[in-house]
Amino acid sequence: MNTLGLYVPGEGVLYRLTAGAKLAGLLLLCVAVIALGSPWVSAGLLAAAVLLYPAAGLPLRRVLAILRGLWPFLLAIGFFQAVFGDPSAAVRLCSQLLALVLLANAVTLTTRVGEMLDLFERLARPLARFGVSPDRVALVLALTVRSIPMVAAAWRSAVEGYRARGLSGRPYLLVTPLIVQLFRMAEATGEALVARGIDEDGHA
């Protein structure tokens, strides 16, 4: 793992696709599954997302790590929908959320930071005529994409420390360790950017 991302070297099927193809496919799947609004389609996409990991050469423990981070939110959404709405909506929403997070994480794990930066820079190139710097837009978007799993990792670290100290019933004690972890990640990212020749003014 590098400082700016969570790329895992491998040779699976996803590694042979370009960053643009992976992001376009993710967007199309997201639009399609939400537009169809079927619990069966959502559950099928979830199953496909789980099977994609071994097909891409990624360990299934990555799936379990995401599930550990998301289960409180999935439980809350499912309970609220089942009690106050439609149980099928609970299945649909939870399946959609977990499936799309798994797919987005698979894209992150199999795409190098450089590829992501190049793609975003090409997409932002038309904005140059309006005085917008394409390379700066690319960097911001790439860091945004990469920050999602990094925040999840910080949350898991805070929870593990919370449990290791034998604490319970005081979830507010998770706030400070989480903030510390995020500050450390931000500092490490800043140092990595400076090391790559990007100064405080954003110039290479």
Side-chain angles (χ1 to χ4, degrees), residues 1 5-8 10 12-14 17 19 21-111 116 141 143-163 167-175 177-179 181-182 185:
M1 184 178 74
L6 296 174
Y7 175 77
V8 175
V13 60
L14 281 182
L17 298 177
K22 283 182 275 193
L23 288 179
L26 178 62
L27 178 61
L28 289 175
L29 283 174
C30 180
V31 172
V33 73
I34 293 176
L36 291 173
S38 167
W40 293 106
V41 172
S42 301
L45 181 63
L46 175 58
V50 173
L51 294 175
L52 179 63
Y53 276 68
L58 298 170
L60 282 176
R61 59 182 173 81
R62 299 275 180 178
V63 176
L64 296 177
I66 291 176
L67 184 58
R68 282 198 301 269
L70 284 181
W71 77 262
F73 304 101
L74 296 174
L75 182 62
I77 293 171
F79 177 79
F80 181 85
Q81 288 293 333
V83 173
F84 300 103
D86 183 1
S88 65
V91 174
R92 175 174 56 84
L93 291 174
C94 291
S95 298
Q96 286 176 357
L97 176 60
L98 184 55
L100 294 176
V101 170
L102 286 172
L103 291 173
N105 190 60
V107 170
T108 297
L109 294 173
T110 59
T111 308
M116 199 77 74
L141 291 175
L143 289 178
T144 300
V145 171
R146 295 296 186 177
S147 68
I148 297 172
M150 291 174 70
V151 171
W155 170 257
R156 288 195 299 270
S157 178
V159 170
E160 289 171 1
Y162 176 83
R163 292 172 178 168
L167 303 174
S168 62
R170 291 177 287 177
Y172 59 86
L173 294 177
L174 288 168
V175 175
L178 178 60
I179 292 175
Q181 287 283 345
L182 293 177
M185 288 180 175

Hey, are the side chains of [X] and [Y] touching, using non-hydrogen atoms and a 4.5 Å cut-off?
X	Y	value
Thr110	Lys22	yes
Leu46	Leu102	yes
Leu98	Ile66	yes
Leu27	Val31	yes
Leu74	Leu97	yes
Leu60	Val50	yes
Trp40	Leu45	no

Pair Arg62-Leu109, side-chain contact (heavy atoms from CB on, under 4.5 Å): steps then yes or no: CA-CA 10 Å; Arg62 299 275 180 178; Leu109 294 173; 3.8 Å; yes

Closest heavy-atom contact between [X] and [Y]?
X	Y	result
Leu26	Leu100	CD1-O, 4.4 Å
Pro39	Arg92	CA-CB, 3.9 Å
Gly78	Ala90	O-CB, 3.6 Å
Cys30	Val33	O-CG1, 3.4 Å

Hey, what do you get for CG (Leu14) to OH (Tyr53), rounding to the nearest 0.5 Å?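 The CG atom of Leu14 sits 9.0 Å away from the OH atom of Tyr53.
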
